[in-house]
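Note that the numbering runs from 1 along the sequence shown for the chain.
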Amino acid sequence: MALLVQLLPLALALALGPAATLAGPAKSPYQLVLQHSRLRGRQHGPNVCAVQKLIGTNKKYFTNCKQWYQRKICGKSTVISYECCPGYEKVPGEKGCPAALPLSNLYETLGVVGSTTTQLYTDRTEKLRPEMEGPGSFTIFAPSNEAWASLPAEVLDSLVSNVNIELLNALRYHMVNRRVLTDELKHGMALTSMYQNSGIQIHHYPNGIVTVNCARLLKADHHATNGVVHLIDKVISTVTNNIQQIIEIEDTFETLRAAVAASGLNTVLEGDGQFTLLAPTNEAFEKIPAETLNRILGDPEALRDLLNNHILKSAMCAEAIVAGMSMETLEGTTLEVGCSGDMLTINGKAIISNKDILATNGVIHFIDELLIPDSAKTLFELAAESDVSTAVDLFRQAGLGTHLSGKERLTLLAPLNSVFKDGTPNIDAYTKNLLLNHMVKDQLASKYLYHGQTLDTLGGKKLRVFVYRNSLCIENSCIAAHDKRGRYGTLFTMDRMLTPPMGTVMDILKGDNRFSMLVAAIQSAGLTEVLNREGVYTVFAPTNEAFQAMPQEELNKLLGNAKELANILKYHIGDEILVSGGIGALVRLKSLQGDKLEVSSKNNVVNVNKELVAEADIMATNGVVYAISSVLQPPANRPQERGDELADSALEIFKQASAYSRAAQTSVKLAPVYQRLLERMKH
């Protein structure tokens with residue numbers, strides 16, 4: 001019973017899940033980061049927090065686990081310092097920060113948290129200081145002294161030249177007429193300020209950073225007798241325009257403005273929500289080749305995909321980005337949003353020229369390079385960014401380029417550049433036809449391909465799909481990278497040139513002089529019809545040299561015994577199609593003879609039963625042929641395994657003899673049986 005009482009709290013906690021425990025609701029991301037900073041600082045005394053400071057700046061961050069070990073923020077080195085956690089102070093002679101800050105009114109608390117400039121400007125207004133010192137419950141997002149100092153001179157002059165209107169209104173915009181702590185600051189919420197009920201946008205990110213109109217919360221939850229103070233790193237201003245309205249008034253968005261209107265996305269950009277628009281400037285559009293730009297602008301679907309690729313599904317302020325993170329766009333693609341020092345990066349490129357332009361429904365960052373999604377590209381454009389440029393040059397030289405830049409729905413099977421490391425084939429009628437067979441009718445997605453499926457090519461061939469445990473192959477060539485799905489075509493990156501089947505297995509063998517002895521043996525064994533009919537076979541075909549390497553007497557004996565010859569040949573035929581790209585480390589392939597073949601592959605070298613394959617993946621309409629330099633022997637014919645069988649028989653006889661020995665001692669009738677077993681053991 002005592003054990004049950006001890007386990008009950010744990011059981012309840014597990015039942016409630018991570019979002020709630022007996023101790024209360026889960027901590028917010030900010031509180032979790034603060035907790036980690038407190039944990040890292042505890043060796044220096046109570047209520048000490050570890051803080052990471054960017055070298056060469058005054059920027060400080062409470063540290064999470066990843067940043068603690070990396071010692072970097074936005075790729076820049078940091079130093080660790082230890083200071084009192086919010087709400088605590090040092091006591092002379094005592095370790096750490098054991099004392100809670102004295103509770104005073106909002107005005108005095110501003111001085112305690114390091115916002116003396118806000119305190120000074122509050123003094124200059126006639127009404128605000130009495131309000132901050134009087135009764136009530138308020139929240140003030142107080143700009144730091146550095147925030148006020150970084151304001152442009154003309155802005156600051158306009159504020160201080162009219163303190164009872166401009167300055168008073170600016171300060172009231174930083175205030176909320178109730179107490180709001182960080183656990184209430186939810187991502188995407190809006191607070192009503194004390195200036196004309198204007199909204200203040202709050203974003204609370206998973207990495208623990210909280211922003212207020214894209215100003216970062218530096219120190220939070222400083223309690224006062226009449227409210228709470230949060231220290232922020234910028235002076236914030238009212239937001240009145242939505243994203244679409246900002247596009248309309250910015251001269252640098254002339255081309256973007258026309259593109260949005262043509263796509264119909266203006267309803268999204270002026271509607272409710274919290275988006276991030278990575279807004280391409282006129283310069284960004286000018287960098288694109290005119291032919292490409294005109295094609296996209298003239299194609300409503302491609303244009304919509306292009307613009308959706310510039311809209312993130314949530315608002316992302318620059319201050320919240322301290323390391324790389326994946327962000328999903330309205331197009332459904334993923335962009336890597338990161339930072340390098342003070343610069344924001346998109347997919348590793350520092351292309352953001354102006355950041356944190358706040359709108360009522362999100363935030364805008366200016367970018368000087370277009371982010372064209374795959375879905376708006378031609379096959380030529382997809383291939384230009386992939387490791388298949390050599391293959392695409394071959395298509396162009398063969399006069400097939402129009403297939404890759406037009407509106408034809410097709411799938412391109414493009415071999416990797418490494419396939420051509422020893423040179424490219426000459427462009428002739430055969431090569432052109434081969435390239436046509438690398439173009440599959442219809443725009444496919446590899447995730448929908450299935451084993452045994454056939455694909456029609458522009459060259460008139462039917463290609464088979466083979467699905468293996470760790471690979472997806474089309475004839476002898478396997479897919480080497482994720483699909484790239486363009487506007488009309490899809491790019492499959494393949495690990496080798498594809499060779500369409502040119503006849504049955506028997507046709508292949510008859511057409512190759514290396515296999516003349518094998519063909520004769522197949523005919524003698526009566527297997528010609530098997531290898532000519534429809535089926536799925538993997539044939540390990542011994543060359544003439546393989547037969548000639550056998551002892552003459554053994555070869556003559558084999559060729560003179562049709563039944564034994566058929567048995568040996570069936571052992572060379574697997575009962576399914578296995579191309580080299582589907583082998584992996586080791587595959588045990590059942591033969592028509594019944595025993596299994598061990599097929600292995602390492603560093604593109606294939607072996608069967610540890611015998612080297614001379615040539616792999618000779619494709620036939622009913623299978624695949626591997627040329628081998630030896631005649632394979634079934635397990636029952638191998639000397640080693642015959643010895644193993646004899647040993648097994650001897651062991652069985654020994655067991656029987658032992659049993660009969662014990663029985664013979666008590667039964668005269670069993671004695672003769674025991675003697676006969678002994679005679680067998682002698683042999």
Side-chain angles (χ1 to χ4, degrees), residues 259 263 265 278 288-289 291-313 326-336 346-347 369-396 400-417 435-451 453-458 463 465-467 471-475 477-495 498:
S263 69
L265 277 174
L278 304 171
I288 301 300
E291 182 182 354
T292 300
L293 183 59
N294 290 335
R295 175 182 62 78
I296 294 175
L297 292 177
D299 181 343
E301 186 173 333
L303 179 59
R304 192 173 184 87
D305 288 350
L306 171 71
L307 295 176
N308 278 335
N309 199 51
H310 290 75
I311 305 172
L312 304 182
K313 287 186 173 181
S326 296
M327 302 287 293
E328 190 176 357
T329 69
L330 292 188
E331 167 59 11
T333 57
T334 299
L335 300 178
E336 291 296 322
I346 306 295
N347 293 341
E369 187 173 305
L370 271 185
L371 306 171
I372 305 178
D374 287 349
S375 59
K377 294 176 182 175
T378 65
L379 278 169
F380 261 143
E381 292 162 352
L382 291 176
E385 301 166 359
S386 306
D387 192 20
V388 295
S389 56
T390 305
V392 172
D393 284 340
L394 285 175
F395 285 103
R396 186 183 287 111
L400 302 175
T402 53
H403 293 290
L404 306 184
S405 57
K407 297 182 179 181
E408 193 174 3
R409 295 281 182 185
L410 56 83
T411 299
L412 180 67
L413 311 178
L416 287 161
N417 289 340
L435 292 173
L436 280 169
N437 286 317
H438 283 72
M439 296 181 185
V440 176
K441 296 177 182 179
D442 204 1
Q443 187 174 15
L444 305 175
S446 62
K447 63 184 177 181
Y448 296 119
L449 298 181
Y450 57 88
H451 192 76
Q453 183 179 2
T454 57
L455 311 174
D456 293 320
T457 73
L458 296 188
L463 306 178
V465 176
F466 305 118
V467 179
S471 54
L472 176 60
C473 306
I474 300 172
E475 294 298 334
S477 185
C478 301
I479 296 175
H482 292 297
D483 307 359
K484 282 184 169 290
R485 186 176 179 86
R487 176 66 177 93
Y488 296 103
T490 298
L491 176 69
F492 286 0
T493 302
M494 311 302 290
D495 67 354
L498 183 143

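The structure places CD of Q453 at 12.0 Å from CZ of F466, a figure rounded to the nearest 0.5 Å. Note: N417 CG to T390 OG1 = 3.5 Å, rounded to the nearest 0.5 Å. To the nearest 0.5 angstrom, D299 atom CG is 12.0 Å from S263 atom OG. A distance of 8.0 Å separates SG in C478 from CG in L472, rounded to the nearest 0.5 Å. Taking OG of S386 as the start and CG of D374 as the end, the distance is 7.5 Å to the nearest 0.5 Å. A distance of 6.5 Å separates CZ of F395 from NE2 of H438, quoted to the nearest 0.5 Å.
In this structure a side-chain-to-backbone donor-acceptor pair under 3.5 Å is missing from N308 to T329. Formation of a donor-acceptor pair under 3.5 Å by the D456 side chain with backbone atoms of K441 is not found in this model. Between the side chain of N347 and the main chain of E336, a donor-acceptor pair closer than 3.5 Å is present. The closest donor-acceptor contact from the side chain of T411 to the backbone of D442 lies under 3.5 Å.
Within a 6.0 Å radius of NE2 in H482, other residues, nucleotides and ligands contribute 12 heavy atoms or fewer.
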Check the pair I474, V440 against side-chain contact (heavy atoms from CB on, under 4.5 Å), reporting the backbone distance first and the verdict last.
-> CA-CA 11 Å; I474 300 172; V440 176; 5.7 Å; no
When you look at M439 and L400, which way does the side-chain contact (heavy atoms from CB on, under 4.5 Å) test go after all the steps?
-> CA-CA 10 Å; M439 296 181 185; L400 302 175; 3.8 Å; yes
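Taking the side chain as every heavy atom from C-beta outward, M494 and I479 approach each other to under 4.5 Å. Considering only heavy atoms from C-beta on, F492 comes within 4.5 Å of D483 through its side chain. Using a 4.5 Å cut-off on side-chain heavy atoms (C-beta onward), K313 and L330 make contact. Looking at heavy atoms from C-beta onward, V392 lies in side-chain contact with F380 at the 4.5 angstrom threshold.
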